[in-house]
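Note that these values count all heavy atoms, side chains included, but never hydrogens, waters or copies made by symmetry. In listed order, ligands and their atoms are each counted from 1.
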Amino acid sequence: MAEILVLGAGMVGIGAALALQARGHAVTVVDRRGPGEETSFGNAGVLQAEAMEPYAMPRDLPTLLRYALGRSNDVAWSLRDLPSIAPALLAYFRASAPERHARISRTYAQLIARVVSDHSPLIEAAGANNLIRRTGLGEIYRTTRAFDAACARGEKKATCYGLRLRALAGTGLASEEPAIAGETAGALIWEDSWSSSDPGGLVMSYAQLFRRRGGRLLQGDAQTLERAGTGWRIDTGTGLVDAQHAVIALGPWSGSLLLRFGYRIQMLLMRGYHSHVSNTPELSRPYLDAENGYVMSSMRDGLRLTTGVEFVRPDRPQSRRQLDWALHSAAELLAADMRAEGKLWHGHRPFLPDMLPLVGPAPRHEGLWFDFGHGYQGFTLGPTTGELLAEQLDGDTPPVAQALLPAARL
Ligand SMILES: Cc1cc2nc3c(=O)[nH]c(=O)nc-3n(C[C@H](O)[C@H](O)[C@H](O)COP(=O)(O)OP(=O)(O)OC[C@H]3O[C@@H](n4cnc5c(N)ncnc54)[C@H](O)[C@@H]3O)c2cc1C
């Protein structure tokens, strides 16, 4: 049994803490906020069992031109911030070359294939079934051309990975999901994916499970982490805590902490927004409005619209452009008056240009471990990479974990 500090109480940190605890280690999680209050709070809440291939950067000229000219709601960017992110974007572009992407997908598919079975026992033990829908993820297409192309791509992917997929024509969608009153060409339903009506609440319920099983959750600043003899020490609200191992699971903030230890992590912080609208009809599952670049999902606080990616420096002020586009598009689909309520939330997907999270021992510091960089799918993958990290810490590196190791990639 080892004493282990996990820094960060998002889905990734709590997932790792539970996996380490299950192997008999004494685990303390430290966060400056409560569990699941940052990126793991603000996402679209989809447990993406269909995401067998990580999102590659499009390389075809028409799509790149649409992005460049601001004619897509998937991606927004700012000219003044482009130089600072250009090297990471270029690395992402290179990793997205078809052959390399296929190789990365072989690893990714092995991770995604087990996410439902990794979340299931936690959902049961945490008593969180009321936060979970097992109704799939929908992709809505407005034009027949886009729908036909998506059906062809979808069928290929479903066959390749053994996923359950249903294609619904526009009329079929309208009768299955009466809230969608606007005209559509059709939808694809990925039946294996699950979703949460309260993503932050799900992380909180996992954190409560961790605590019930004897884990410690403390408030403190991860920036106080330092070497102490052969182990690690952190200053928390209840004093100094020492441990043999420290796991960095700070999501988008992992890179800034690791700079202090001499690691320069090339990470794209892909901003996304969400807002809620109340008094809209309930949807049975989340839907991606594919040609308009946002996801809508019924949540505890109303219908949540989450946007695509904005490439700006993390300290830049918010822009409403993508969310307003999403509101306008959702109003058409639901034939409803869509006015955003409350504060506009934004957070950053912590994305590594080679599309895989970094999971494993820090290359130059004994007892320091990485578990971050989950990009678009950290809510989905937290328990899975937590389990892989726990296996490594106990001296076993399963084959799928080899591709995630920091030593080979930094
Ligand atoms: C708009 C949007 C939609 C998304 N939709 C989905 C989706 O549908 N499905 C999916 O799987 N993923 C989705 N994602 C991605 C997913 O949300 C992230 O990959 C995931 O939440 C990352 O989890 P994390 O635990 O690494 O980070 P976080 O949840 O951000 O946790 C990091 C923790 O570190 C703490 N911290 C930071 N600095 C310090 C410090 N100095 N001291 C102490 N604590 C600190 C923070 O308080 C925080 O609790 C989406 C992301 C966005 C932005």
### Task
Please confirm whether N43 comes within less than 3.5 Å of ligand 1 when only nitrogen or oxygen atoms on both sides are compared.
yes
### Message
Between R106 and E53 (salt bridge meaning N to carboxylate O under 4.0 Å), is one present in this structure?
### Response
no
### Query
If you measure every N/O of D221 against every N/O of ligand 1, is any gap under 3.5 Å?
yes
### Query
Which of the atoms of ligand 1 are close to V46, meaning less than 4.0 Å from one of its heavy atoms?
7 (C), 8 (O), 9 (N), 10 (C), 11 (O)
### Task
Decide if atom CG of N279 counts as having more than 12 heavy atoms of other residues, nucleotides or ligands within a radius under 6.0 Å.
no
#### Entry: Nearest-contact summary for atom 31 (O) of ligand 1 - protein heavy atom, Å
G10 CA, 3.5 Å
### Message
I'd like to check whether T307 has a polar contact with ligand 1, where a contact means an N/O of the residue lying under 3.5 Å from an N/O of the ligand.
### Response
no
### Query
In terms of side-chain geometry, is the basic nitrogen of D315 or R313 positioned less than 4.0 Å from the acidic oxygen of its partner?
yes
### Task
Specify whether Y376 and F351 have parallel, tilted or perpendicular ring planes, treating 30° as the upper limit for parallel and 60° as the lower limit for perpendicular.
perpendicular
### Query
For D289, which residues count as a salt bridge (charged side-chain N to carboxylate O under 4.0 Å, His left out) partner, sequence neighbours excluded?
R142
### Task
Report yes if the side chains of E38 and R33 come closer than 4.5 Å at any heavy-atom pair, otherwise no.
yes
### Message
As an exercise, identify every atom of ligand 1 less than 4.0 angstrom from a heavy atom of G8.
### Response
33 (C), 34 (O)
Would you list the atom pairs, donor with acceptor, under 3.5 Å between side chains in residues 83-91 and any protein atom, with sequence neighbours excluded?
{"from": "S84", "atom 1": "OG", "to": "D81", "atom 2": "O", "distance (Å)": "2.9"}

### Message
Please list, in number order, the atoms of ligand 1 under 4.0 Å from a heavy atom of Q377.
### Response
10 (C), 11 (O), 12 (N)
### Query
Mind checking whether A249 has an N or O less than 3.5 Å away from an N or O of ligand 1?
no
### Message
Looking at L218, is its backbone amide N or carbonyl O close enough to the side chain of T236 to form a donor-acceptor pair, meaning the two atoms are under 3.5 Å apart?
### Response
no
### Any G220 heavy atom less than 4.0 Å from ligand 1
yes
### Query
Pick one: which of S197, S196, S297 meets side-chain hydrogen bond (donor to acceptor under 3.5 Å, both in side chains) with R133?
S297
### 4.0 Å heavy-atom contact, H274 with ligand 1
no
### Message
Classify the ring geometry of F261 against H365: parallel below 30°, tilted from 30° to 60°, perpendicular beyond 60°.
### Response
perpendicular
### Which residue and heavy atom of the protein sit nearest atom 53 (C) of ligand 1, plus the separation
R349 CG, 3.7 Å
### Query
How does R32 reach ligand 1, if at all, at less than 4.0 Å between non-hydrogen atoms: by side chain, backbone, both, or neither?
both
### Task
Dump the intermediate steps for side-chain hydrogen bond (donor to acceptor under 3.5 Å, both in side chains) on Y55 and H101, then the final yes or no.
CA-CA 9 Å; Y55 302 139; H101 181 249; over 6 Å; no
### Query
Considering only protein heavy atoms, which is closest to atom 36 (N) of ligand 1, and at what distance to one decimal place?
L250 CD2, 3.6 Å
### Query
Relative to the heavy atoms of V12, which atoms of ligand 1 are at a distance of less than 4.0 Å?
23 (O), 24 (P), 25 (O), 26 (O)
### Task
Examine the proximity of ligand 1 to Y376 and report which part, side chain or backbone, both or neither, has a heavy atom under 4.0 Å away.
backbone
### Query
So, do M52 and S105 sit near enough that their side-chain heavy atoms are less than 4.5 Å apart?
no
### Charged tip of R32 within 45° of W253 ring normal and under 6.0 Å
yes
### Task
Show which atoms of ligand 1 fall inside a sub-4.0 Å distance from at least one heavy-atom site of T380.
9 (N), 10 (C), 11 (O)
### Query
Salt-bridged, R164 to D192, with N to O below 4.0 Å?
yes
### Query
Backbone or side chain, does any N or O of W253 fall under 3.5 Å from an N or O of ligand 1?
no
### Message
Using a 4.0 Å cut-off to any heavy atom of M11, which atoms of ligand 1 qualify?
### Response
25 (O)
### Query
Taking distance alone, with no angle check, do A44 and ligand 1 share an N/O pair under 3.5 Å?
yes
### Task
Using distance alone, decide if ligand 1 has a nitrogen or oxygen within less than 3.5 Å of any nitrogen or oxygen in T306.
no
### Message
Can you confirm, on distance only, whether ligand 1 has an N/O atom lying under 3.5 Å from any N/O atom belonging to P350?
### Response
no
### Message
Return the closest protein heavy atom for atom 28 (P) of ligand 1 as residue, atom name and distance.
### Response
T39 OG1, 3.6 Å
### Query
Can you find a pair of side-chain heavy atoms, one from Y273 and one from R320, that are under 4.5 Å apart?
no
### Query
A222 to ligand 1: N or O pair under 3.5 Å?
yes
### Task
May I ask you to check if ligand 1 and R33 share an N or O to N or O distance below 3.5 Å?
no
### Query
Is it the side chain, the backbone, both or neither of P252 that has a heavy atom closer than 4.0 Å to ligand 1?
side chain
### Task
Output the list of atoms in ligand 1 that are nearer than 4.0 Å to some heavy atom of D31, sorted by atom number.
33 (C), 34 (O), 35 (C), 43 (C), 44 (N), 46 (C), 47 (O), 48 (C), 49 (O)
